[in-house]
Amino acid sequence: MSCPHLSQLPNLADTFWEACQRIWANGNTVCISCEDCGAISKRSVQCLHCKHVGCLWAEDGKGHYQNTQHKLVVDMKNAYIYCFACEDYVYDRDLERLRSNCKSLEAWKLDVGSASPEEERLMPVKKGTDLLFKDACITAGLRGMQNMGATCFMSVILQSILHNPTLRNLFLSGYHTSSFCKKSSCMACAVDDMFSVVYGRLDKASFFGPTTILSLMWNISRDLCGYSQQDGHEFLVYLLNQLHVDMGGTNNSDCDCVIHKVFGGTMYSTVTCLKCKTKKRTMDPMVDINLDIKESTLEGCLKSFVAPEAVHYRCSSCNGLDATKQLQFHKLSPTLSIQLKRFRNESSTNSCKIEKYVSFPLRLSLETSSERSKVDYGLFSVVCHKGTLDTGHYIVYILYENQWFQLDDTTITEVSEKQVLQAEAYLLFYHERRLFYEKSK
Amino acid sequence: MSTQKVTEQLYQSGDFERLSQVLEQNLEQCGWATEMRDYARSLIKADNTIHFQDLYEKLLKAATESFPSSLKVSMLQEIKSTILKMTDVAQHQQDQGQN
């Protein structure tokens, strides 16, 4: 939806870049009021021709256009460009690249501190001119997955990996490819191939058959052999561990591999003796959160997870036997994986499934005890299980280009947000709404 | 104080941001935001060439009509008490100045 008026502006890239910096320097907290009516919340827009600030939702922006014939403005809330002549928001590939580069750069500066001239030179180029996939299919990345005999437990996890923003960007950037890796039986290479196929194939009707991943899994993990239905969550843990091994992970508690960077967090576990009040605190690593279904909302279950509970514990200071234990999130990962513990194994032959509906939000905010005290997450994948543990079926809801889709093996359907929020979720995948940068060690 | 002055002060004190977040959270929780987003998507799906102005007007109408009245009441109360606290402080400072 590009507009012919964009090419009429000289120095557009520079002016636009300046406007983006004005919005995002200091983290989008600056309030820019309309020069004519003084309003702040009628969606201020800055003219790309003369920097005049008008409002879009009232008459002043349009008034400025009528007086000066300056057609193009930048929306000062989200940096999108509006054209008064076309009466619509307009998009240009190169400007979109500039927009997202500026946003990342300013966020990086906010977290790490100001960039030195050397560092700034390493940042994504100001004038982005690389060609994107010019012939990409409009649904590149959205492909069905073949069920090869009760493998839907795998498909839903693989789809959640395919649409994980950080992992997707990482693999598509060529971070780990088989031509470079040269290891045989490498899970990371298999996952990279999956990304290439799913994002590269132009035929909308094609689907992906996870044969390599399946056979790798059988070769490496005897427990997951056979064609019987397995647990999606178990597969997720297995896959993450295998990727961690294949992508240079170590057995140290502070492993710095990509998988731990994306999925790894830490939790404090504090045990307080009720008698002498001594506290004992340990820090445990985590790659996901496993919640008991104690409440009917996700927020409720999370609250219950970090609430103190009574435990039996022999205190080393006073030999007291009663204590409380409390969990606390310390460092939260960019991707938050949550499992609602629906499957309970009462005995080796009797397992039951809890089918209680638990509501979950599209946006989730969690508090931590680290210096980054609050993390805002957005939902991007919901894995659902229907039926019993042995004879059930998995489907997944995925957020793709701002639209929710239901992925059921090879059948993909557009669905409403409402339908997703009413689903009986088993696994939930959230991602940080804003990437947080750390100074490199 | 004029409306503009009040709004400016709300911005400076950080209350505008806080009240906006409270409102946004409430609208998400009660499902209003989901309805609006689904409605917007359905409008675009029905007519792919729809212009921003048209979409904005239709959404604004639906948004105002479906805004939950109980939330309206509680937000107005919240805004009122914030502004009263502000004017109390301003009055207090004025009194202090006069003494």
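In the text below, chain A, chain B and the rest are named by the order of the sequence lines, each starting its count at 1.
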- Does the side chain of A/Leu56 reach to within under 4.5 Å of the side chain of B/Phe52, using non-hydrogen atoms?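 Yes, their side chains come closer than 4.5 Å.
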
- Item | Heavy-atom check, side chain of A/Lys418 versus side chain of B/Arg37, under 4.5 Å |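 A side-chain contact is absent here, since even the closest heavy-atom pair is not under 4.5 Å.
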
- Message: For A/Gln403, which atoms come within 4.5 Å of any heavy atom of chain B: side chain, backbone, both, or neither?
- Response: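 Looking at A/Gln403, backbone and side chain both touch chain B.
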
Atom [atom1] of [X] with >12 non-hydrogen neighbours under 6.0 angstrom:
X: A/Lys103; atom1: NZ; result: no
X: B/Lys85; atom1: NZ; result: no
X: A/Glu367; atom1: CD; result: no
X: B/Glu28; atom1: CD; result: yes

- Parallel under 30°, tilted from 30 to 60°, perpendicular over 60°: which one fits the rings of B/Tyr56 and A/Trp57?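 Parallel.
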
- Message: Please classify the contact of B/Glu24 with chain A as side chain, backbone, both or neither, using a heavy-atom distance under 4.5 Å.
- Response: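 Contact with chain A: side chain only.
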
- Query: Of the listed residues (B/Arg41, B/Gln53, B/Glu35, B/Gln25), which shares the most heavy-atom pairs with chain A below a 4.5 Å separation?
  - Reply: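 Option with the top pair count is B/Arg41.
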
- Query: Out of curiosity, B/Thr34 OG1 to A/Leu362 CG, how far, rounded to the nearest 0.5 Å?
  - Reply: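 Spacing of OG1 (B/Thr34) from CG (A/Leu362) equals 5.5 Å.
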
- Item | Main-chain N/O of A/Glu417 paired with B/Asp38 side-chain donor or acceptor, under 3.5 Å |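 Such a contact is found between B/Asp38 side chain and A/Glu417 backbone.
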
